[in-house]
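Beneath this line is the structure, given in structure tokens, with notes to follow.
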2 protein chains.
Amino acid sequence: MGAAESILSDKKLRITLSRKAVIDYFLAHKHALTQPDLEKELESVCDRVTIYRIIDSFLQHGILHKVPDLDGTQKFALCDSCTDHHHHDEHVHFKCSVCGKTECLDEIPMPSIALPTNYSVAEWNMLLQGVCAECS
Amino acid sequence: MGAAESILSDKKLRITLSRKAVIDYFLAHKHALTQPDLEKELESVCDRVTIYRIIDSFLQHGILHKVPDLDGTQKFALCDSCTDHHHHDEHVHFKCSVCGKTECLDEIPMPSIALPTNYSVAEWNMLLQGVCAECS
DNA sequence: GTTTATGCAAATTCTTTGCAATACT
DNA sequence: AGTATTGCAAAGAATTTGCATAAAC
């Protein structure tokens with residue numbers, strides 16, 4: 001059983017060609033992807049609408065998580081730390097202004113923040129922008 | 001001279017009805033706004049396209065800054081700390097999952113992060129999600 | 001066989017561009 | 001008067017929804 005199948009059966013989702021293709025594409029690309037990225041790559045495999053629905057389903061089941069961005073495009077990633085059972089989004093994202101790729105820096109701990117009173121926080125996201133190791 | 005006029009003349013931008021209306025709307029709403037938010041409110045004042053162009057201009061001149069979001073919509077804000085001459089985006093944004101509003105927490109300092117080698121950072125953004133004081 | 005996922009069509013929303021008309025200084 | 005801004009029209013992306021077909025269990 002491949003990695004994609006394991007992920008799907010873990011989450012009790014039906015194993016379909018489209019879903020495997022989406023997971024495989026994320027596994028092959030370590031940076032965050034948009035729906036149009038997937039659509040371009042998988043146009044021979046499945047429909048545009050199917051990709052939207054797969055993304056929705058994967059978000060609900062904790063296979064994908066949203067990645068913050070400043071340019072108004074919604075990005076998604078399948079992080080190392082999210083491939084096993086505990087799903088935690090609390091990590092740092094780095095967007096390279098040269099290659100445009102956003103990657104998850106799982107190894108960097110999220111710093112603690114002192115919030116104003118009466119604010120409760122459920123999710124932390126940090127987005128750094130600059131030049132990545134490859135482009136510098 | 002009103003607040004909007006001061007901001008525009010500080011940046012050596014022409015003072016027009018549309019631009020004043022956009023600034024006034026940001027001044028009246030302390031949370032981050034999308035272009036559609038502005039479009040809905042200002043449809044009697046100016047055209048949809050004008051709003052896009054004003055946003056672009058204001059971003060370039062440091063009147064507005066982009067606010068990171070996880071739902072694929074581009075948000076903008078006019079922060080307290082950006083109304084004077086030094087424009088700094090390095091602050092924490094908080095999105096309330098109840099009312100959906102994103103606000104700038106200017107008073108909270110951005111924590112320092114130890115990055116991997118060969119990464120250089122130009123911009124820091126932090127997005128917290130949870131429940132704000134008003135909604136809790 | 002039953003349930004769930006997919007494909008197709010179509011509608012909606014968001015964003016960008018070109019050019020003529022208008023408003024600002 | 002001269003220049004920058006705006007409005008309108010139109011095109012191009014991105015996203016959502018409904019329903020019939022097809023695939024998975």
Side-chain angles (χ1 to χ4, degrees), chain A residues 1-2 4-26 32-61 63-64 66-76 100 102, chain B residues 1-2 4-26 32-61 63-64 66-76 100 102:
Chain A
M1 200 197 256
E5 280 97 332
S6 310
I7 292 172
L8 289 170
S9 67
D10 270 6
K11 304 292 180 178
K12 306 209 181 348
L13 289 174
R14 288 194 176 177
I15 295 169
T16 67
L17 283 180
S18 310
R19 286 175 176 167
K20 283 192 290 185
V22 169
I23 294 178
D24 285 341
Y25 192 62
F26 272 105
L33 300 168
T34 64
Q35 186 278 343
D37 291 335
L38 291 163
E39 185 179 331
K40 211 172 300 169
E41 185 67 20
L42 304 178
E43 66 178 341
S44 60
V45 179
C46 64
D47 192 71
R48 170 188 314 147
V49 179
T50 299
I51 296 174
Y52 281 106
R53 290 192 273 227
I54 288 175
I55 290 172
D56 283 347
S57 162
F58 284 6
L59 286 173
Q60 283 180 13
H61 289 88
I63 295 175
L64 291 179
K66 294 182 180 180
V67 175
D69 202 291
L70 284 174
D71 64 8
T73 57
Q74 198 160 10
K75 291 187 171 179
F76 309 96
T102 302
Chain B
M1 199 196 258
E5 280 97 333
S6 309
I7 293 172
L8 290 170
S9 66
D10 269 4
K11 303 293 180 179
K12 307 208 181 347
L13 289 174
R14 287 193 177 179
I15 294 167
T16 68
L17 283 179
S18 310
R19 285 176 178 166
K20 283 193 289 185
V22 170
I23 294 178
D24 284 342
Y25 193 61
F26 273 105
L33 300 168
T34 64
Q35 185 280 340
D37 291 335
L38 291 163
E39 185 179 331
K40 212 172 300 168
E41 185 67 21
L42 306 177
E43 66 179 341
S44 59
V45 179
C46 64
D47 193 70
R48 171 189 310 145
V49 179
T50 298
I51 296 174
Y52 280 106
R53 291 192 273 227
I54 289 175
I55 290 171
D56 283 347
S57 162
F58 283 6
L59 287 173
Q60 283 179 15
H61 290 87
I63 295 174
L64 292 178
K66 294 182 180 180
V67 176
D69 202 291
L70 284 172
D71 63 9
T73 58
Q74 197 160 7
K75 292 188 172 178
F76 309 96
T102 302

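Chain identifiers are assigned alphabetically (A, B, ...) following the order of the sequence lines, protein sequences preceding nucleic acid strands; residue numbering begins at 1 within each chain. Everything numeric here is computed off the predicted structure, so don't read it as measured data.
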Within less than 4.0 Å of OP1 or OP2 of [N], is there a side-chain N or O belonging to [X]?
X: B/T50; N: D/dG7; value: yes
X: A/Y52; N: D/dT15; value: yes
X: A/T16; N: C/dT4; value: no
X: B/R19; N: D/dT5; value: yes
X: B/S57; N: D/dT5; value: no

Inset, instruction - For the side chain of A/V49, starting at C-beta, report the closest nucleotide among C/dA9, D/dT6, C/dT25. - result: C/dA9

From [atom1] of [X] over to [atom2] of [N], roughly how many Å is that when rounded to an integer?
X: B/I55; N: D/dT6; atom1: CD1; atom2: C1'; value: 15 Å
X: A/R48; N: D/dT17; atom1: CZ; atom2: P; value: 16 Å
X: A/K66; N: D/dT15; atom1: NZ; atom2: P; value: 11 Å
X: B/D56; N: C/dT16; atom1: CG; atom2: P; value: 7 Å
X: B/K11; N: C/dT25; atom1: NZ; atom2: P; value: 17 Å
X: B/I54; N: C/dT15; atom1: CD1; atom2: C1'; value: 16 Å
X: B/L17; N: D/dA4; atom1: CG; atom2: P; value: 20 Å
X: A/K75; N: D/dA14; atom1: NZ; atom2: P; value: 13 Å

Legend entry - From A/D37, A/I63, A/L59, residue fulfilling side chain to side chain contact (heavy atoms under 4.5 Å, CB included) relative to A/F76: A/L59

Legend entry - Minimum-distance pair of heavy atoms, taken over all atoms of A/L8 and A/R14: CD1-O, 4.2 Å

Legend entry - Side-chain donor-acceptor contact under 3.5 Å, A/K75 with A/T102: yes

Any chance you could measure [X], atom [atom1], to [Y], atom [atom2], to the nearest 0.5 Å?
X: B/K40; Y: B/L33; atom1: NZ; atom2: CG; result: 11.0 Å
X: A/L38; Y: A/S18; atom1: CG; atom2: OG; result: 12.0 Å
X: A/R48; Y: A/Q35; atom1: CZ; atom2: CD; result: 7.5 Å

Inset, instruction - Please confirm whether any donor atom in the side chain of A/R14 sits under 3.5 Å from an acceptor in the base of C/dT3, or the reverse. - result: yes

Legend entry - Most 5' of B/G72 and B/L13 on DNA chain D, judged by nearest nucleotide: B/L13

Inset, instruction - Could you tell me whether the side chain of A/K11 and the main chain of A/H61 form a donor-acceptor pair under 3.5 Å? - result: yes

Legend entry - Check: A/Q74 side chain, B/L70 main-chain N or O, donor-acceptor pair, under 3.5 Å: yes

Legend entry - Inter-end axis angle, the helix from C/dG1-D/dC25 to C/dT25-D/dA1, with every axis fitted to five base pairs (rounded, 10 degrees): 40°

Inset, instruction - Give a yes or no on this: more than 12 heavy atoms of other residues, nucleotides or ligands lie within 6.0 Å of atom CD of A/E5. - result: yes

Legend entry - Residue-level proximity of residues 35-47 of chain A to DNA chain D when a heavy atom falls under 4.0 Å: A/Q35, A/P36

Legend entry - Partner set under salt bridge (Lys or Arg N to Asp or Glu O under 4.0 Å) for B/E41, not counting sequence neighbours: none

Inset, instruction - For B/T34, report the nucleic acid contact type (base, sugar-phosphate, nothing); a contact means any heavy atom under 4.0 Å. - result: nothing

